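Here is the structure we will look at, set down as structure tokens.
Every value quoted in this text rests on a predicted model; they were computed, and no experiment measured them. The first residue of the sequence shown is numbered 1, and numbering continues consecutively from there.
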Amino acid sequence: MTVDQIQALLAATLAFAANLWQVSHPTPTLAALYEQVPDWGHVALDFRPRLRLLLQSTAIGLTETLATT
């Protein structure tokens with residue numbers, strides 16, 4: 001990957017990680033609610049596998065869409 005592609009991937013990493021961390025680590029109140037209503041808990045994603053999937057997909061996309069220099 002080029003420097004520009006890596007910089008874009010780093011920006012995506014920070015955005016994805018910040019969002020997914022919050023979703024996958026709910027507050028005690030939300031965690032209790034998810035136990036009471038399991039259908040709502042689907043948003044509490046597994047942090048590591050979901051982040052890996054998004055970063056791999058983004059890296060592939062960046063190599064295709066961000067011109068190499």
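- With sequence neighbours excluded, the residues satisfying side-chain contact (heavy atoms from CB on, under 4.5 Å) with Gln7 are Val3, Asp4.
- When all heavy atoms of Gln5 and Met1 are compared, the closest pair comes out as OE1-CA, 3.2 Å.
- Residues forming a ring-ring contact (aromatic ring centres under 6.0 Å, His included) with Phe16 (at least two apart in sequence, or on another chain): none.
- Rounding to the nearest 0.5 angstrom, the gap separating the CG atom in Leu14 from the CG atom in Asn19 is 12.5 Å.
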What pairs of donor and acceptor atoms, side-chain ones from residues 50-64 against any protein atom, are under 3.5 angstrom apart with sequence neighbours left out?
residue : atom : partner : partner atom : Å
Ser57   : OG   : Leu53   : O            : 2.9
Thr58   : OG1  : Leu54   : O            : 2.7
Thr63   : OG1  : Ile60   : O            : 2.7

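- Shortest non-hydrogen contact noted between Phe47 and Ala17 is CE1-O, 3.6 Å.
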